[in-house]
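Encoded as structure tokens, the structure appears first; notes follow it.
Numbering of ligands and ligand atoms starts at 1, following listing order. If you're wondering where the values come from, they're calculated on a predicted model, not measured in any experiment. In this chain, residues are counted from 1 in sequence order.
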Amino acid sequence: MSVSRRDEAQPSPSADRPISAIDRPIPAGVNAAAFGSDVVAEALRATDIPYIALNPGASYRGFHDSLVNYLGNSKPQMLLCLHEESAVAIAHGWAKVTGTAMAAAVHSNVGLMHATMAVFNAWCDRMPVVLLGATGPVDATKRRPWIDWIHTAADQGALVRGYSKWDDQPASPAAAYESVLRANWIANTAPRGPTYVNLDAGMQEMKLNEPFAAPPDAKRFMPPVVDAAPPAMIAKAAELLVGAKQPVILAGRVSRSLEAWNARVALAERLGARVVTDLKTGAAFPTDHPLHAGAPGMIAPVPDAADTVRNADVILSLDWIDLAGTLGKHVGGVNARIIQVTIDHQLHNGWSLDYQGLPPVDVLIACEPDTAVPALLDALGPGKPREAAAAKPVLEFKPQGDALTVDHVAVALRKALGERPVSLTHVSLSWNGAGWPLRHPLDYLGSDGGGGVGGGPGISVGAALALKDSGRMAVAVCGDGDFLMGVTAVWTAAHYRIPLLIVVANNRSFFNDELHQERVARMRNRPVENRWVGQRISEPDIDIAALARAQGAKGFGPVKTVAELPGVLAQAIAAVEAGDVVVVDARVEPGYSPAMTAVMTRKSD
Ligand SMILES: Cc1ncc(C[n+]2csc(CCOP(=O)(O)OP(=O)(O)O)c2C)c(N)n1
Ligand SMILES: [Mg+2]
């Protein structure tokens with residue numbers, strides 16, 4: 001084992017240094033908006049968004065100056081990122097905890113191009129992000145030769161229009177003020193998602209001819225959109241559920257509210273309904289509750305959960321991702337009546353097919369699950385909670401074999417963390433949902449949404465920022481491929497003293513795709529032994545702990561045996577508690593859980 005320490009020359013970050021004390025500009029003495037971009041900055045302040053994660057660029061040098069010298073780098077405060085993808089991923093992770101948008105800013109077309117995958121992840125995850133971008137002057141006479149021309153594109157919003165809720169390119173400071181409020185309002189209104197405002201460099205840099213008068217109460221331009229459950233549909237659903245012998249709840253996209261969590265538990269107990277959850281979405285139901293069926297799946301329901309769904313006579317989907325795919329190809333068809341709670345159809349467009357197949361539905365309750373569940377409880381009345389018909393005891397989770405696997409990491413990590421409240425901000429594709437009980441809505445925040453590898457580190461930094469000072473430790477388990485693509489998000493966490501533990505399940509491979517090559521080899525009767533070619537990240541092995549140390553985080557490992565884990569993890573956790581960003585390189589054997597491997601290597605489809 002080698003435990004490497006931070007370079008002695010670097011001071012250890014102190015947990016109690018507030019982020020607001022970092023990167024303080026000298027006072028600029030600017031009291032009134034004088035340029036177009038000052039008005040944009042003022043609008044952003046009116047949204048109450050506390051941070052803006054960014055990577056700089058001349059296309060928004062005016063706006064950048066306004067954030068520093070007009071707003072004093074406060075409310076919002078900048079979070080400098082080394083890549084646009086991590087800027088948006090950080091905002092995405094923030095939203096996963098808080099349910100509300102953070103801002104991100106990216107340079108003209110090229111910065112936006114870097115950001116696109118993270119925008120897509122946030123879109124598929126239905127998470128709000130207010131993204132600000134810029135373009136070289138729209139007025140060609142104001143463009144500098146060459147650079148302003150390559151960094152100006154007609155209809156720049158088209159780069160993200162297929163996977164964002166709304167975009168705009170306001171032509172005046174007053175229009176930009178309104179645009180920023182609207183972007184915030186739309187992003188935060190369910191179904192939530194990213195919005196994009198493109199700030200023309202000419203508009204940013206124009207001098208105001210007269211003082212800008214912001215509306216006195218910006219909140220009136222962002223009225224909360226209050227969700228309501230349709231009573232007739234709730235009554236129909238309640239009737240179906242009361243008459244059900246084997247009701248099943250598919251708990252999908254729900255909020256992080258504890259009250260809503262308790263309501264779901266009450267509903268399941270009132271109905272004696274089995275509940276299925278999934279690792280694509282954040283914790284939605286206690287996974288060690290006797291009514292929880294199987295372990296949460298990653299790509300497909302585990303066999304226990306699939307059996308439960310197959311045998312249901314009434315299914316209540318709480319905005320379950322891919323209801324059609326689950327009921328069809330994964331379960332093999334059902335005879336149940338289907339109640340679907342969702343407003344996701346409001347977001348579906350012609351570009352992104354992340355809306356999935358069209359499911360058969362008998363009762364559609366068009367509101368958010370958090371609204372529908374209490375309404376269903378009311379409609380059902382007090383009634384005696386039903387016994388769980390076929391509740392099975394939770395089996396003890398035992399990793400197989402002596403070689404270090406992700407399952408060993410999960411068990412050792414859970415043990416080392418003890419009773420500390422922890423949020424899993426991200427898990428690797430190799431994660432086995434059976435190994436980590438989820439008992440609180442913040443215990444697990446769900447996946448990256450869009451399957452865009454590289455999102456894990458940034459999402460985890462954003463989530464850790466939102467969890468800072470909450471008493472919950474942010475813990476991520478990232479695949480090595482995922483970590484390496486998003487690795488520079490670690491620097492942002494280190495710079496802003498955002499405590500976070502990242503354990504890298506380092507199988508030195510893009511292993512998911514080894515399984516795909518294995519499947520193809522089987523389908524074509526070719527040697528499965530060659531599945532690793534063009535997939536393994538070895539020779540040389542990457543020193544992941546050194547990548548952490550190089551960015552001011554603590555790096556531990558490589559940990560190569562099960563026996564080393566408890567000691568290293570104890571040190572790592574202690575360091576996070578002292579305020580550090582910590583990365584542990586766990587050199588695990590390539591391999592997925594049996595359920596996941598079975599789904600991925602079956603010969604058909
Ligand atoms: C941006 C992006 N590139 C490529 C892929 C295809 N892909 C899916 S999973 C995966 C491997 C990820 O490797 P790692 O994070 O190490 O996880 P492992 O499968 O090894 O557990 C790849 C390359 C993707 N989903 N997203
Ligand atoms: Mg890997």
Does the pair Lys329/Asp322 count as a salt bridge with the N-to-O cut at 4.0 Å?
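No salt bridge links Lys329 with Asp322.
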Given Val406, Leu515, Asn512, identify the one with the heavy atom nearest to atom 9 (S) of ligand 1.
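Checking each option, the heavy atom nearest atom 9 (S) of ligand 1 is found in Asn512.
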Evaluating non-hydrogen atoms only, which member of Asp482, Leu429, Asn506 is closest to atom 15 (O) of ligand 1?
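Comparing heavy atoms across Asp482, Leu429, Asn506, the nearest one to atom 15 (O) of ligand 1 lies in Asp482.
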I'd like to know if the side chain of Thr492 pairs up with that of His495 as donor and acceptor (distance under 3.5 Å, no hydrogens or angles considered).
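No, because no side-chain N or O of Thr492 sits under 3.5 Å from a partner of the opposite role on His495.
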Cut-off 3.5 Å, side chains only: do Ser317 and Gln340 have a donor facing an acceptor?
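On atom types as modelled, these side chains qualify, holding a pair under 3.5 Å.
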Need the ligand 1 atom indices (1-based, order shown) with element for anything under 4.0 Å from a heavy-atom of [X].
X: Met117; value: 1 (C)
X: Phe511; value: 18 (P), 19 (O), 20 (O)
X: Gly481; value: 13 (O), 14 (P), 15 (O), 16 (O)

Can you tell me the protein heavy atom closest to atom 7 (N) of ligand 1 and the distance?
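The answer is Asp513 OD1, 3.2 Å.
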To check your reading of the model: name the closest protein heavy atom to atom 19 (O) of ligand 1, its residue, and the distance in Å.
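Result: Tyr592 OH, 2.3 Å.
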I'd like to know if the side chain of Thr425 and the backbone of Ser460 have a donor-acceptor N/O pair within less than 3.5 Å.
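Here the side-chain-to-backbone pair does not exist.
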Would you check, one step at a time, whether the test side-chain hydrogen bond (donor to acceptor under 3.5 Å, both in side chains) holds for Asp125 with Asn121?
CA-CA 6 Å; Asp125 205 21; Asn121 273 347; over 6 Å; no
At under 4.0 Å between heavy atoms, is it the side chain or the backbone of Ser509 that contacts ligand 1, or both, or neither?
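Answer for Ser509: backbone.
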Any N or O on Gly452 sitting closer than 3.5 Å to an N or O of ligand 1?
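Checking ligand 1 against Gly452, no N or O pair falls under 3.5 Å apart.
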Using non-hydrogen atoms of the residue, decide whether Gly451 is closer than 4.0 angstrom to ligand 1.
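Contact present.
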